[in-house]
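Take a look at the structure below.
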Amino acid sequence: MKIYFVTTNDGKYEEVKKMLPEHDIIRKNMTYPEIQADGLEEVAKFGMDFLSKKLDGNIMLEDSGLFVQSLNGFPGVYSAYVFKSIGNDGILKLMEGVEDRRAYFKSVIAFYDGEVRFFEGICKGVISETKKGGNGFGYDPIFIPEGETKTFGEMEREEKNEYSHRGKAILKLKKFLESF
Ligand code: IMP
């Protein structure tokens, strides 16, 4: 199936393309409004309502965030802004001396084929003590998924996809697309 994936993020595009080789994933490098809301679903829905009026065909977008337990879920829906402003160093500084380092990534995919459908994935883990690894993007160098000792930044794309929030959400979308 031909699907427009709207993202300005190279890393997200590569991960999605890798997991959906049976589909024709066409990248649209365009922006859409990302509203301030309490949840990723609302952000994704608003974005898709905007895009479905602009593009013809099947469309997908993905919204994600990092939720740190001891910071009451911060940066959460503000993950992109926080990454651009204080970055991984800023998060590590906020976590200095903090014992409870639990965190999770959440991904919400909105897929449009005449109506909007949502697929979500969560990946639990911990915030590392230091930045490690040069792979991936965003918070990858400071996030260690549950059951691992390496950060996402130290993993190859395939290995990250096995654990990741986005990998889980894509798998749900993949199953849904099989029913066509
Ligand atoms: P958005 O979904 O594009 O708004 O991204 C939210 C923020 O979380 C951005 O700063 C991303 O870099 C970061 N982020 C999203 N997914 C991941 C991931 O898989 N690894 C690391 N950082 C991520």
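Atoms within each ligand, like the ligands themselves, are counted from 1 in listed order. In this text, all values refer to a predicted model and were calculated from it rather than measured experimentally.
Note on Met60 and Val116: separate hydrophobic clusters, where clusters join Ile, Leu, Val, Met, Phe, Trp and Tyr whose side-chain heavy atoms are under 4.5 Å apart, directly or indirectly. Residues Leu173 and Leu55 are members of separate hydrophobic clusters, defined by side-chain heavy-atom contacts under 4.5 angstrom among Ile, Leu, Val, Met, Phe, Trp and Tyr.
Listed by number with element, the atoms of ligand 1 under 4.0 angstrom from any heavy atom of Phe83 are 10 (O). Residue Glu34 has at least one heavy-atom neighbour below 4.0 Å for each of these atoms of ligand 1: 4 (O). If you number the atoms of ligand 1 from 1 as listed, the ones under 4.0 Å from a heavy atom of His165 come out as 16 (N), 17 (C), 18 (C), 19 (O).
Salt-bridge formation is not detected for the pair Lys124/Glu146: no Lys NZ or Arg NE/NH1/NH2 atom is positioned less than 4.0 Å from an Asp or Glu carboxylate oxygen. Contact check on Lys106 versus Glu120 returns a salt bridge, with a Lys/Arg side-chain nitrogen under 4.0 Å from an Asp/Glu carboxylate oxygen.
At the shortest separation from atom 6 (C) of ligand 1 among protein heavy atoms lies Ser64 O, 3.1 Å. Looking only at protein heavy atoms, the nearest one to atom 20 (N) of ligand 1 is Asp140 OD1, 2.6 Å. Among all non-hydrogen protein atoms, the one lying nearest atom 19 (O) of ligand 1 is Lys160 NZ, 2.7 Å. Atom 16 (N) of ligand 1 has its closest protein heavy atom at Arg166 NH2, 2.6 Å. Of all protein heavy atoms, the one lying nearest to atom 14 (N) of ligand 1 is Phe137 CE1, 3.9 Å. Here the heavy atom of the protein found nearest to atom 13 (C) of ligand 1 is Tyr139 CD1, 3.7 Å. Closest protein heavy atom to atom 12 (O) of ligand 1: Gly138 CA, 3.4 Å. The protein non-hydrogen atom at the shortest distance from atom 9 (C) of ligand 1 is Ala80 CA, 3.8 Å.
The closest approach between any non-hydrogen atom of Phe152 and ligand 1 is not below 4.0 Å. Look at Lys84 and you'll find every heavy atom at least 4.0 Å from all atoms of ligand 1. The shortest heavy-atom distance from Lys12 to ligand 1 is under 4.0 Å.
Pairing each heavy atom of Lys132 with each of Thr151, the nearest pair is O-OG1, 2.7 Å. Minimum heavy-atom separation, Val108 to Ala44: CG1-CB, 4.1 Å.
For ligand 1, one of its N or O atoms has an N or O atom of Asp63 under 3.5 Å away.
More than 12 heavy atoms of other residues, nucleotides or ligands lie within 6.0 Å of NZ in Lys174, so this atom counts as buried by the packing criterion.
Ring orientation note: the planes of Phe119 and Phe176 are tilted relative to one another, at an angle of 30° to 60°. Taking the six-membered ring for Trp and thresholds of 30 and 60 degrees, His165 and Phe152 have nearly parallel ring planes, at less than 30 degrees apart.
Proximity of the aromatic rings of Phe50 and Tyr32 is defined here by a centroid distance below 6.0 angstrom, and this criterion is not met.
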